[in-house]
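Per chain, numbering begins at 1; letters A, B, ... match sequence-line order.
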Amino acid sequence: MLRMSTLFLRTLREDPADAEVPSHRLLVRAGYVRRVAPGVFSWLPLGYLVYRNIENIVRDEMNRAGFQEVHFPSLLPREPYELTGRWTEYGDTLFRLQDRRKGDYLLGPTHEEMFTLLVKGEYSSYKDLPLVIYQIQTKFRDEARPRAGILRGREFVMKDSYSFDIDDAGLEYSYQRHRDAYVDTFTRLGLEFVIVSAMSGAMGGSASEEFLATTEVGEDTFVRCTACDYAANVEAVVTPAPAAADYSSVPKAHAEQTPNTPTIASLVGLSNERADLARADRPWTAADTLKNIIFMVKGPGGVETALAVGLPGDREVDLKRLEAILEPGVPRPFEEPDFTKYPTLMKGYIGPAALGEANSSGIKYLVDPRVVTGTRWITGADAAGSHVYDLVAGRDFIPDGVIEVAEILAGDSCPKCGQGLEIARGVEIGHIFQLGRKYAQALGLKVLDENGELVTVTMGSYGIGVSRAVAAVAEQSHDDKGLIWPREVAPADLHLIATGKDDAPFEAAELLAGQLEAAGVRVLYDDRRAVSPGVKFNDSELIGVPTIVIVGKRLVEGFIEVKDRRTGERTDIAIADAVSALVAVCE
RNA sequence: CGGGCUGUGGCGCAGUUUGGUAGCGCGUCCGGCUGGGGGCCGGAAGGCCGCAGGUUCAAGUCCUGUCAGCCCGACCA
């Protein structure tokens, strides 16, 4: 039994000044966590109870799936990370340290290397596989900017598991088992979540998926369909290409003088103002223009290549999508000096005529999926102050291909059902990933197959942010008064409050608390004598135990009050029936 | 790494413009009252005003430097 009179707990009446997001504010105010350093937190008794409940749910679901728990150190030697290149690849995010002999060590940010080496040391036959092992471990990442309290710290707890299979089919199965286990885990945590494809379509379907707990303070943007169950990372959204349009009635392309129209807005304005350019049926909009943007892309060898992107003028290029699709190439904007290298490009008036590998600039020209054959555009005429009208894709120009980098806007069509998409935010609480043979290759994890041949093992890696899940639940489950824990993760089942100046309520509550404990109910008992009822009520709402029981002024009539923290609904029950009634509530 | 803001008892803040012996609320301690929504009265403890240097008779306040933290962005298995 937890007694408020002795519990190591101090609740705060005011919000801490450095906390912005609700989970951070409330976890600090309710005395669950305290900040120690940027992105580093201590867990106080109530917080640690919640943390452990969540950890145990994660562990339980892993074990149910048949995975085996191991435990690695956090302090790791440099060598394995050197072999996979991550000692340098991880950059400043890696916490590094040296021992007294100047030997390099690191605090593990994730443990692919260690798992791979462990299995390599023990197993050597296909008969040993498949294998899934996991750990629940403190991880360290020296994030450039920790924020949002527990949601994004530099020290955090992660469950990471790794699957080892002989072939792709085995990997697919291990991946699927994790996917199922994650759905069960997050459902049990009471989290509202979506599963989004984490990679661009080109990289292939299910190789990597993220589990995002939906919350407006999340750092990951994703889209989901308002009508069907489609959800995807912004990088991975596929824009459905419209059917090719009939352009038989579209007049021949004609260049027009359009002075001082270097921007889309100015071009659309002028086109509507001038009678000779205006459309008869409707005004021109930015979506009628074809905007061409050039990037310089640095390839892995360090060589820069120009790339032209064409997209409807009402859209911007989403740099994250562009970077994701060009990976490992790195794009940068096309700048003034670059124009001198491509004399046929006229800044502000770049058109398809100059673009494309077959044309004057020789620059590869990729267009948005909406630019299908038959669509007609206003676009640059490659001369200052001049635009081409009625330029038809497929008739007047042929791009080198399609590229999916336009920003996603709310209302865009769902690639699955065609209805509108919405943009939402979430925090990544799980990630499942078919690693393949990268680490097994680098570290030489091979086994003998049934033909006696050495084959490289294929791996998957699967993470759950355990400490982050505490904050994610808090983020999704609170009101203006405080936290509201789902029962299974709550620090207690019941928050029992005794009020009054006489001994009677305290004696009755004491007795009740003992009986409830004996019946297996976890009780947080507010036995403080000198504290006024208002303080106790407010504390109970801040702390967020799902059921609040008050032994107070109605005791003389033989009743106690039961309040549901989430709904606020109150019921009176007879003290004589209290134990059985409350046990029932807590089941 | 770029931009903005802030450093004053445990927490939240005022005081800095205009230099003159450091204040308020909460919390804590002692005594009393109160006892169904952070209640009241009286008393008390607790501060290198981020740090260093400078100006001045005098610096929380002005000047220079520096460190730290927070927020936005970049970044983020």
Between [Y] and [X], does any NZ, NE, NH1 or NH2 come within less than 4.0 Å of an OD or OE carboxylate oxygen?
X         : Y         : answer
Glu112(A) : Arg86(A)  : yes
Lys139(A) : Glu155(A) : no
Arg425(A) : Glu219(A) : no
Arg177(A) : Glu172(A) : no
Asp526(A) : Arg528(A) : yes

Mind calculating the distance between [atom1] ([X]) and [atom2] ([N]) to the nearest angstrom?
X         : N       : atom1 : atom2 : value
Arg34(A)  : rG27(B) : CZ    : C1'   : 12 Å
Asp526(A) : rG36(B) : CG    : P     : 15 Å
Phe506(A) : rG35(B) : CZ    : P     : 14 Å

Test for a donor-acceptor pair under 3.5 Å between the base of rG27(B) and the side chain of Arg29(A), counting only N and O atoms. no
So does Glu14(A) reach the base of rG27(B) with its side chain, donor to acceptor, closer than 3.5 Å? no
Hey, does Glu561(A) reach any base, or is it just sugar-phosphate, or nothing, if we go heavy atoms under 4.0 Å? base
Could you list the residues that satisfy salt bridge (charged side-chain N to carboxylate O under 4.0 Å, His left out) with Glu475(A), not counting sequence neighbours? none
What integer number of Å spans the C1' atoms of rG20(B) and rG15(B)? 14 Å
Over 60° means perpendicular and under 30° means parallel, so tell me whether Tyr462(A) and His178(A) are parallel, tilted or perpendicular. parallel
His431(A) vs Glu541(A), nearer the 5' end of RNA chain B by closest nucleotide: Glu541(A)
Which sits closer to the 5' end of RNA chain B, Arg10(A) or Asp15(A), going by the nucleotide each is nearest to? Asp15(A)
Which one is paired to rC29(B), where only Watson-Crick or G-U wobble pairs with both distances under 3.5 angstrom count? rG43(B)
Please determine, for rC62(B), whether a Watson-Crick or G-U wobble partner exists with both distances under 3.5 Å, and give it or none. rG54(B)
Summarise how protein sits on nucleotides 67-75 of chain B as a single string, 5' to 3': B when a protein heavy atom is under 4.0 Å from the base, S for sugar-phosphate-only contact, - for no contact. --SSBBBBB
From the set rG37(B), rG36(B), rG35(B), return the single nucleotide nearest to any side-chain atom of Lys501(A). rG35(B)
